[in-house]
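Lettering of chains follows the sequences in order, A, B, ..., and the numbering in each one begins at 1.
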Protein chains: 2
Amino acid sequence: MFEVLVDHIEKKVHLTEPEKELIRPLFMARKLRKKQYLLQASEVCTHLTFVAKGLLRSYNVDDKGNEHINQFAWEGWWISDFYSFLTQEEALFNIDAMEETEVLMISRHDYEELTLKVPAMDRYFRILYQNSLVTKDRRLMSSTTHTAEEKYLQFAKRYAPILGRIPQHLIASYLGLAPETISRIRRKRMTKDAG
Amino acid sequence: MFEVLVDHIEKKVHLTEPEKELIRPLFMARKLRKKQYLLQASEVCTHLTFVAKGLLRSYNVDDKGNEHINQFAWEGWWISDFYSFLTQEEALFNIDAMEETEVLMISRHDYEELTLKVPAMDRYFRILYQNSLVTKDRRLMSSTTHTAEEKYLQFAKRYAPILGRIPQHLIASYLGLAPETISRIRRKRMTKDAG
DNA sequence: AAAAAACATTGATCTGGATCAATCAGCCGG
DNA sequence: CCGGCTGATTGATCCAGATCAATGTTTTTT
């Protein structure tokens, strides 16, 4: 399980054996059942989480009780309420497991230590965040410039490998659409493909 | 001018004198007139840009010719089309100056070199991107969960120091609203405050 | 200081997608 | 193999904010 993490890191930076040995004890393994919370809004997010297996989502709940999904994280992704993790203020997001999931977690303190002791990890996270920023920029742009249909089609393309693992109403929630809207888009496409 | 950059970096990490000397020649200073492009969509974004003085915006233009502002960058901010910078593919964003502006720019090649030779800069950018991710998360959340009025008020609060430097219709464009909507929100507030 | 841009306001109307309200389908545990 | 979740579909209606169309104001240019 730790190997999944090391493999992921070594795709971006080189680690020496002693560095790997230093890293290992900083992570805590944990299993989550389907629907189990990893974090609830108004708690403090104490750990950064790496997904070794399974699927998680982060989401916030608005005044009217509607859920808005912020991120899906599956094998090889990191997830957290970054704001809360960095400031140690109350989290705004909930994170829970959509499947049986196995994760590796590192605490705020150990994360600081890790980046200070292993400069390659500063570099790893720098590259990781860099890529993440590109994704967020794209998503933000899509949210203002695209129609519901364009958003859905783009999502279906980008998330093709795990599309089957995400129920439609959660895709809707991620895209800021009503589930009915996704349903209608799909129907329209079906009939168009047939004709 | 270079000092503005070094000050900014040293708020996050420590630099030795030799490191500063190494960094200096990697940056190119440039002045921009109001309305001058720093980057146009479909060019390749070759440099990361630090704003020493002035105000820039990045934005994309949709099929209907509408501009959607992605970011404002003033003194102490970085701006680029990150996707294009990293991949050397065509940029999707335009970047131009909203005021007379002075910037420091670093090329893709020198950025690589910088982070390899000065690990503190990996750390600096790691922290920078980390904070940037928090901001983007917030903005994304706001875009799906808040009303037009909430978005505008939040913006006015967050951007208070430079609110006077940004025309209203550009705020509208940043928030994904019509200029008329901002106007109406303000009127409503005015009369409410008066009553 | 006049002309022209650029920006803001206001009102009337329109619309994409939300919301409300059923109904339907699949799956899973006992 | 049935009863109860959980999710998907379909139709009818509604609404926040867009769009269209003037008019007014401020800033820039010459």
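- Listed candidates were C/dG17, D/dG17, C/dC20. Nearest to the side chain of A/A148 is C/dG17.
- Among A/W77, A/F27, A/W78, the one residue that satisfies the ring pair (Phe, Tyr, Trp, His ring centres under 6.0 Å) test with A/F50 is A/W78.
- For the pair A/H146 NE2 and C/dG16 C1', the computed distance is 16 Å after rounding to whole Å.
- Remark: nothing in residues 53-71 of chain A comes within less than 4.0 Å of DNA chain D through any heavy atom.
- Transitive grouping of hydrophobic side chains (ILVMFWY, heavy atoms separated by less than 4.5 Å) brings A/Y159 and A/L55 into a common cluster.
- Here B/R186 reaches the OP1 or OP2 of C/dT9: one of its side-chain N or O atoms lies under 4.0 Å away.
- Taking atom CD of B/Q168 as the reference point, atom C1' of C/dT10 lies 13 Å away to the nearest angstrom.
- Put simply, CD on B/E180 is 10 Å from C1' on D/dG17, counting in whole angstrom units.
- Heavy atoms of A/K35 sit under 4.0 angstrom from primed sugar atoms or phosphate atoms, though from no base atom.
- Here A/T181 reaches the OP1 or OP2 of C/dA18: one of its side-chain N or O atoms lies under 4.0 Å away.
- A close approach under 4.0 Å does occur between a side-chain nitrogen or oxygen of A/H169 and OP1 or OP2 of D/dA8.
- B/Y129 does not carry A/R126 over the face of its six-membered ring by the limits of under 6.0 Å from the centre and within 45° of the normal.
- Distance B/Y152 OH to D/dA18 C1': 19 Å, rounded to the nearest Å.
- A heavy atom lying under 4.0 Å from DNA chain C marks the following residues of residues 171-178 of chain A, by number: A/G176, A/L177, A/A178.
- At D/dA16, none of the side-chain N or O atoms of B/K188 fall inside 4.0 Å of OP1 or OP2 (strictly under the cut-off).
- Annotation: cation-pi pair A/R57/A/Y59 present, NZ/CZ under 6.0 Å from the ring centroid and within 45° of its normal.
- The NZ-C1' distance, from A/K34 to C/dC27, rounds to 10 Å in whole Å.
- Rounded to a whole Å, the CD1 atom of A/I182 is 17 Å from the P atom of C/dG16.
- A salt bridge is defined here as a Lys NZ or Arg NE, NH1 or NH2 lying under 4.0 Å from an Asp or Glu carboxylate O, and B/R187 with B/E180 fails to meet this definition.
- Taking the ring axis of A/Y111 as reference, the NZ or CZ atom of A/R108 does not stay both within 45° of it and closer than 6.0 Å to the ring centre.
- One atom, CE of B/M98, and another, P of D/dT27, lie 15 Å apart when rounded to the nearest Å.
- Looking at A/R184, its side chain comes within 3.5 Å of the base of D/dG11 through a donor and an acceptor atom.
- The residues B/K20 and B/E3 are annotated as not salt-bridged, no charged nitrogen and carboxylate oxygen being separated by less than 4.0 angstrom.
- Salt-bridge check for A/K35 with A/D96: failed, with every basic side-chain N at 4.0 Å or more from each acidic carboxylate O.
- Remark on DNA chain D: of its neighbouring residues A/S183 and B/T147, the 5'-side contact belongs to A/S183, judged by nearest-heavy-atom nucleotide.
- Nearest nucleotide to the A/P167 side chain, out of C/dG17, D/dC20, D/dA8: D/dA8.
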Full working for side-chain hydrogen bond (donor to acceptor under 3.5 Å, both in side chains) between A/N70 and A/S58
CA-CA 5 Å; A/N70 177 54; A/S58 75; 3.2 Å; yes
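- Residues A/Y152 and A/Y174 place their aromatic rings such that the two centres sit no closer than 6.0 Å.
- Residue A/R187 contributes atom CZ, which lies 15 Å from atom P of C/dG17 at whole-angstrom precision.
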